[in-house]
Engineer: 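Dumping the structure here so I can ask a few things about it.
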Amino acid sequence: MEADELLVLVAGGDQKAFEELYGLVSGPVYGLVRRVVRDAAQSEEVAQEVLLELWRSAAKFDPRRGSALSWVLTLAHRRAVDRVRSARAAGEREQREALRANHPAFDHVAEEVEAGLEREWVRRCLDRLTALQRQSVTLAYYDGYTYREVAERLSLPLGTVKTRMRDGLTQLRKCLGGAA
């Protein structure tokens, strides 16, 4: 029986058909995965994942879109590339962590001084806003209210609050731009 016919039977839960299909595709799947992943142990693991996925998702195969073997090899290639990307990302994370570990200890005093200066700068910029803009911005960003909740608390139309917020945030952005 051919792979296309076997895959249709596998989609119906036929274990015997899966055994036969496994025999047909496991070699090509492993070969493709091995070329992409390169590590033998990882390749075996990925090939097993692909064949398990084949059992679970056989019903997704559409013979009108191509052969069963090309569909299976597409699954294998995608899974292999995902594994390589995952391994690369893990390696990059480890490198970043190693670099962070080599940095000097965190200077709490300098950080607190800098945070205090930033808070003072924000206070000065907030003082430059109109009272209505400052009130709206403070309610939204410091007290955590949504625009709609700010409008309700101030008994104002939502559009008015949005305009105040936009104008106030534009002024803050200009003012804080000089802080950098």
Side-chain angles (χ1 to χ4, degrees), residues 3 7 10-11 18-19 21-62 65-126 128-129 137-147 149 162 165-166 168-180:
L7 194 52
V10 170
F18 181 71
E19 288 175 24
L21 182 63
Y22 186 100
L24 282 174
V25 300
S26 61
V29 165
Y30 177 76
L32 174 67
V33 170
R34 182 80 163 96
R35 282 191 300 278
V36 175
V37 175
R38 300 219 167 120
D39 176 78
Q42 292 276 332
S43 297
E44 288 175 15
E45 190 176 310
V46 171
Q48 285 302 96
E49 290 172 6
V50 169
L51 294 165
L52 182 60
E53 181 180 354
L54 177 61
W55 172 254
R56 291 180 180 156
S57 64
K60 294 179 182 177
F61 170 65
D62 183 359
R65 297 186 70 200
S67 73
L69 185 59
S70 65
W71 184 73
V72 171
L73 292 177
T74 299
L75 290 177
H77 185 262
R78 286 181 185 156
R79 183 63 64 106
V81 169
D82 286 348
R83 178 62 63 95
V84 170
R85 287 179 180 157
S86 176
R88 185 175 300 139
E92 290 170 359
R93 274 193 306 276
E94 288 173 7
Q95 281 182 329
R96 283 192 304 271
E97 286 302 316
L99 286 173
R100 270 192 223 121
N102 290 331
H103 283 298
F106 184 72
D107 188 346
H108 290 286
V109 174
E111 195 65 29
E112 286 179 32
V113 168
E114 188 175 331
L117 291 172
E118 288 174 357
R119 281 192 298 273
E120 181 58 32
W121 193 280
V122 169
R123 268 190 230 106
R124 285 183 187 164
C125 290
L126 279 170
R128 292 182 182 178
L129 300 179
V137 169
T138 302
L139 285 170
Y141 287 91
Y142 289 103
D143 296 337
Y145 291 105
T146 65
Y147 285 14
E149 291 169 335
K162 286 182 177 181
M165 293 290 292
R166 184 193 66 228
L169 292 173
T170 300
Q171 288 298 105
L172 279 175
R173 191 175 303 115
K174 287 178 187 174
C175 180
L176 291 171

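Excluded from the calculations below are hydrogen atoms, water molecules and symmetry mates; all remaining heavy atoms, backbone and side chain alike, are included.
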Engineer: Would you give the length of the straight line joining atom CZ of Arg35 to atom NE2 of His77, rounded to the nearest 0.5 angstrom?
Structural biologist: 9.5 Å
Engineer: Taking all heavy atoms of Ser70 and all of Gly66, pick out the closest pair and write down the distance.
Structural biologist: OG-C, 4.1 Å
Engineer: Under 3.5 Å, side chain of Ser86 to main-chain N/O of Asp82, donor-acceptor pair present?
Structural biologist: no
Engineer: Considering the options Val37, Val46, Val36, which one meets the side-chain contact (heavy atoms from CB on, under 4.5 Å) requirement together with Val81?
Structural biologist: Val36
Engineer: Would you name the heavy atoms of Leu129 and Gly168 that are closest together and state the gap between them?
Structural biologist: CD2-O, 3.5 Å
Engineer: Should Leu52 and Gln48 count as side-chain neighbours, where that means a heavy-atom distance under 4.5 Å?
Structural biologist: no
Engineer: Under a 4.5 Å cut-off applied to non-hydrogen side-chain atoms, are Phe61 and Val10 in contact?
Structural biologist: no
Engineer: Is any side-chain heavy atom of Leu7 closer than 4.5 Å to one of Leu54?
Structural biologist: yes
Engineer: Could you pull out the closest heavy-atom pair between Val29 and Ala76, with the gap in Å?
Structural biologist: CG1-CB, 3.9 Å
Engineer: At what distance, to the nearest 0.5 angstrom, does CD of Glu92 lie from CD of Glu97?
Structural biologist: 13.0 Å
Engineer: What I'd like to find out is whether the side chain of Lys174 reaches to under 4.5 Å of the side chain of Thr170, using heavy atoms alone.
Structural biologist: yes
Engineer: I'd like to check Arg79 versus Val33 (side-chain heavy atoms, cut-off strictly below 4.5 Å). Are they in contact?
Structural biologist: no
Engineer: Does a side-chain heavy-atom distance below 4.5 Å link Lys60 with Trp71?
Structural biologist: yes
Engineer: Return the minimal non-hydrogen interatomic distance between Ala140 and Met165, and the atom names on each side.
Structural biologist: CB-CE, 3.3 Å
Engineer: Among all residues two or more places apart in sequence or in another chain, which pass the salt bridge (Lys or Arg N to Asp or Glu O under 4.0 Å) test with Arg123?
Structural biologist: Glu120
Engineer: How many angstroms lie between atom CD of Glu44 and atom CG of Asp39, to the nearest 0.5 angstrom?
Structural biologist: 9.0 Å
Engineer: May I have all residue pairs that pass ring-ring contact (aromatic ring centres under 6.0 Å, His included) and include part of residues 22-47, sequence neighbours excluded?
Structural biologist: none
Engineer: How close do Val72 and Val50 get, heavy atom to heavy atom, and via which atoms?
Structural biologist: O-CG1, 4.3 Å
Engineer: So, for Arg128 and Cys175, which heavy atoms are closest and what is the spacing to 0.1 Å?
Structural biologist: NH1-SG, 3.4 Å
Engineer: Taking the side chain as C-beta and beyond, is there a heavy-atom pair between Val25 and Leu51 under 4.5 Å?
Structural biologist: yes
